[in-house]
Amino acid sequence: MFDISKSDYLVLKQAIQECRNFVLEKVNETAISPDARSARVNDLLHDLNQFAGEYKNVRDANYIQAGMLAMSVFRAKTGELSNVSMANCTQNGSGVLKETTNFYNGLMTRLKELFSEIENGFSRISHNDLRIPFKADGWHHDIRALNEHNQ
Amino acid sequence: MSNIFTTNGAERILSDKAFLVSETDEKGIIVFANDDFCSIADYRVEELIGKPHNIVRHPDMPRAAFKDLWDTVKTGKTWTGFVKNKTSSGNQYYWVYATVYPIMREGRRHYISCRRKPTADEIESAIALYKTL
Ligand SMILES: Cc1cc2nc3c(=O)[nH]c(=O)nc-3n(C[C@H](O)[C@H](O)[C@H](O)COP(=O)(O)O)c2cc1C
């Protein structure tokens, strides 16, 4: 493993970076081709490509579930309460769980932003530093955004 | 909801958190569009519902891309790809990374599309690819 050539090492490193970008949603697509010189490194690249493909399936299913959720909220808002089956678009068992996690994470990000702003406000009050006004669009905006994110 | 996109000349660039959703019936008639979709495409939801989805089609998009989309989703599979759409005035456009998937609604086949922001590199590759189609 540790006697791989420098060029193969760089190919592998690049592939890992691509996977990382893909998982962090910095890119939407990734394709890792096993074009290293060493058969072992190619085997690893092949695995990485397969994992990325599996991850994409789960992510696609999550997007669709998020879309289903958005539609359910829309229908609920317009008074048309229909049943949408999440099961119909779950490609594997973890789909719904992943989706919930997505929304939870999104919500948490917004909450963290909100809390850090409140904290910031408090620390300015306690440091008697209220020369800079609070953000013009205020907390009510953040709460609305939080709500929107949730939809 | 201007935080959903920024403007660069004729292009509207989605923000990282933009999530555009629309649902069509089996013929591609829009039955639902979410707020992000409406705000980027510059339509009110009432203006979209009942219209065919090609209402946002940009002339730069090759026919082959949509043939591939329909061929894929009609067989029950998920289609993913990059799409350039136009806004209601036709003067602006925006690129999306779309995931389209069939669902069953009250015994009928419908389709949902969920869209996220593509990267600049992905847009470049899509432009190059679509030129060859
Ligand atoms: C769920 C779903 C979403 C679609 N979204 C778009 C879209 O955003 N932009 C677009 O041009 N076509 C979209 N289409 C494809 C259109 O139905 C249509 O095939 C395409 O605009 C080409 O139309 P035309 O050949 O009638 O000009 C979508 C189709 C489905 C099923």
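All values derive from a computational prediction rather than experimental measurement. Each chain gets a letter, A, B and so on, in the order the sequences are listed, and its residues count up from 1. Note: hydrogens, waters and symmetry copies are ignored here, and every other heavy atom, side chains too, is used.
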Bottom line for A:Lys56: the part with an atom under 4.5 Å from chain B's heavy atoms is side chain

Answer key: most heavy-atom pairs under 4.5 Å with chain A among B:Thr119, B:Asp121, B:Val31 is B:Thr119

Assert yes or no for the condition that the ring centre distance of B:Phe32 to B:His53 is strictly below 6.0 Å.
no

The residue among B:Asn85, B:Asp42, B:Thr87 that forms side-chain hydrogen bond (donor to acceptor under 3.5 Å, both in side chains) with B:Arg12 is B:Asp42

- Query: Just checking, B:Lys84 and B:Tyr93: is the charged tip under 6.0 Å from the six-membered ring centre and within 45° of the axis?
  - Reply: yes

One option among B:Val100, B:Thr99, B:Asp16, B:Leu20 has the most heavy-atom pairs under 4.5 Å with chain A, and it is B:Thr99

Does the ring centre of B:Tyr101 sit less than 6.0 Å away from the ring centre of B:Tyr111?
-> no

